[in-house]
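Atom set for the values below is all heavy atoms of this structure, side chains included, hydrogens, waters and symmetry mates excluded. Naming convention: chains lettered A, B, ... in sequence-line order (proteins, then strands); numbering from 1 in each chain.
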Amino acid sequence: MSDASLAVGSGPATDDVGSVAERLGAARALFGRSLHIRTVDTGSCAVCESEIRLLLAPHYDLQRLGFFFTPSPRHADLLLVTGPAVRAMDVALAKTYTAMPQPKVVVAVGACPLGGIYAEDEVVHGRLENVLPVDVSIPGCPPSPLALLQGLLVAVGRLTEKVGRLGFAADLT
Amino acid sequence: MSEAGARTSRRGTTPGQAVRVMRAGPAAVVDVVRALAGVPGARLADLFGAIEDGGLLLRIVYALDRDGEYVVVEWPLKGREYPPLSDIDPAAFVEECEIYEQFGVRPSGPRLLNRLVVPPHAAHDFPRLGTPPPREGREPHAPHYVSGEAFEFPFGPVRGVALESLYMGLVTSGEEVIDIFLLQWHKHRAIERRLQGLPLEKALFIVERAEGLSAVANAWAFCQAAETIAGTTVPEAAQAARAVALELERLYNHAAALAALCQATGLSVGQAQAEAALEQFLRLNLACFGHRYLFGVITLGGVSRGPDLQALLHLLPPAHDELHRVTAALWSTNSFMDRLEACGVLSLEQVERLALVGPVARASGRGSDTRTDHPYGPYGVIRAADVNVAVEERGDVLARMKVMAAEAEESRRLLMRLAEAGAGEAVTEVRGQAGAALGWCESPRGESLAWLSLDDAGRIERARLRPGSFRNWRAFDDAARSRNVFTDIPIIEASFWLTVAGFAR
């Protein structure tokens, strides 16, 4: 998707995070400080996983901001995807994404899902957006936990927008 | 053994770099392998194929740990079958499956070969190193007929928080894990295939990303092979800088393993403290070399930059003290220690039969470490890099944790001495030229091997990467079967501290 925004980059960020408090306020209003994250590895080198796990470490402590990791895609609002979208993971990735309730956002983590390491071929899709609608990309090899944190805040903004567009079932009838 | 080999040559110039390459005819190779397997302290380090002169050439790599020598037996194959080497040395079985999957050539006899990394839905033109086999390998499934009561509990490939993709089939009748089988093809990126035809610099970029948590070790092994081909001598300052990076990699990996172990046992306090130490180590990496996971440090002929020794001397002691405090506290936490004792046991016999490497082997009483057995770089050359190898006997999770803790202490000692001895930026040019060589390095997960064949233009004809993870995953089911229950499996996984990326490549 061309509207995927780069949360962190060498140049100026294309999506202004705004104040952290503002973003967190929005997340709090919508998700009651309970935004749940699911992770999927599509062929990473295991380093992005290490950085994601460190979000829970005392230095970053993601849970204090109201983010939680969930072992179930049905409870997840946000999908963190690492790796170059290996074709062998197609089924698992699609099942995970489909199982997530609306509204949902997909966050591509690291250089791999941006096509930065492997080009598209018979083994990998190369870019995650070839298989899933990517809302936010966090470049870096690997992105540091702080970069991940900023990316997550951008993703909260995307989620907020999506909630605004979501209609009620009653409106459709 | 020399009578069996028609051609014997010694590669490498420095005393530690002893590799013997011999070529064996079809009649002699079984005797050669039998003789090598019988040498005390010998272990099958690798077995892989390459297309050379239009035919398949198998290379059997034995590590003679007591003699400080690697023996590479080259075996040109004719036809689609060869006498099964796993009958002589069971450690060869996984590689035999791999060769079948990649080249379509199999050991003779009725033995079923397993699928390893080519996914089941792959088309016939899926990129492989050679021609595809007539029939794909068998799906590895554990036998399900255990008193008629057992069932398969599927787990994966999408697992818990930021865990690598891996399918575990846990065979159980309720609580005890009777059997386990793993599917690791989800992460296959065909890296060895990708490396073919690349110039060395481009290949090194991919090699580091084959298994990011062992980036330094794999890159070092790869560069060592390239440097041996070119006949380059890496400056001493650069060798020391490489060792600094390697020991830093070991430290952060062992801290991460400890954090994972605490998480697996549900000990959040220990986990938080171990992760605090881990984060300090990663920041130390950043301060020393400019990358939290030390990517880009090792380059062909040396290092891209020297370590910031001031930062090292300043930041290492507090980071390691933090880790030491956690370890000491865990030592006296009985509820934690009870979970580790007699959990995931591997006997010395199992370790030797499967030719395991690294902390997993050392925890079961096999004290092999390439830094002392096959000295390379500064190890065994400068006194500051003399390594004391930690060995435990019991082979359970506790023994592996003790080995890792002792290795972390040792890495700190080495780093402080290397910093005093001085390590700096230095590179010599590595000219790509035709040739082939073996490189090795002791990663945090054990011996990492790289075999490299280059053409006249210095491009890669065949690059074989064999990270420690590739050898040690094969023992995971043995450890998991040793009278363990469901909740022991993540504990055993943390104590092995392997990556799926390194296995599936």
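- Within the 4.5 angstrom heavy-atom criterion, no atom of A:C48 approaches chain B.
- Counting heavy-atom pairs closer than 4.5 Å to chain B, the top-ranked of the candidates A:D90, A:I117, A:V124 is A:I117.
- B:R292 CZ to A:L54 CG: the interatomic distance, rounded to the nearest 0.5 Å, is 6.5 Å.
- Note that the CD atom of B:E164 and the OG1 atom of A:T39 stand 11.0 Å from one another [nearest 0.5 Å].
- Summarising the geometry of B:F126 relative to A:E122, their closest heavy-atom pair is CE1-O, 4.2 Å, with the distance given to 0.1 Å.
- With a 4.5 angstrom heavy-atom cutoff, B:I191 touches chain A only via side-chain atoms.
- Looking at A:P58 and B:Q273, their side chains never come closer than 4.5 Å, going by heavy atoms from C-beta outward.
- In plain terms, the two heavy atoms of A:D41 and B:S165 that are nearest each other are O-OG, 2.5 Å.
- Ranked by non-hydrogen atom pairs under 4.5 Å with chain B, the options A:G83, A:S144, A:P145 are led by A:P145.
- Heavy atoms only, all atoms of each residue included: A:A46 and B:T499 are closest at CB-CG2, 4.1 Å.
- The shortest distance between side-chain heavy atoms of A:R38 and B:V158 falls below 4.5 Å.
- Using a 4.5 Å cut-off between heavy atoms, A:S44 touches chain B through backbone and side chain atoms alike.
- Counting heavy atoms from C-beta on, the side chains of B:R189 and A:V86 come closer than 4.5 Å.
- No side-chain heavy atom of A:R53 sits less than 4.5 Å from a side-chain heavy atom of B:L278.
- Note: A:C141 leads A:P73, A:C141, A:P142, A:C112 in heavy-atom pairs under 4.5 Å with chain B.
- Nearest approach of A:A88 to B:H121, heavy atoms of both residues: CA-CE1, 3.6 Å.
- Smallest separation of non-hydrogen atoms from A:I52 and B:A162: CG2-CB, 3.7 Å.
- Under the 4.5 Å side-chain criterion, counting only non-hydrogen atoms from C-beta, A:D121 is in contact with B:R194.
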Any chance you could lay out the side chain to side chain contact (heavy atoms under 4.5 Å, CB included) test for A:C45 and B:F295, step after step, and finish with the verdict? CA-CA 12 Å; A:C45 70; B:F295 287 7; 4.3 Å; yes
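- Between the side chains of B:Y252 and A:S50, no donor-acceptor pair is found at a separation under 3.5 Å.
- The parts of B:H186 that come within reach of chain A are both its backbone and its side chain, each placing non-hydrogen atoms under 4.5 angstrom from that chain.
- Counting heavy atoms from C-beta outward, B:P119 and A:R87 have side chains that stay 4.5 Å or more apart.
- Residue-environment remark: NE2 (B:H291) exceeds the threshold of 12 foreign heavy atoms within 6.0 Å.
- Of all heavy-atom pairs spanning A:H59 and B:A276, the tightest one is CE1-O, 3.5 Å.
- A:E51 places a side-chain heavy atom less than 4.5 Å from the side chain of B:L282.
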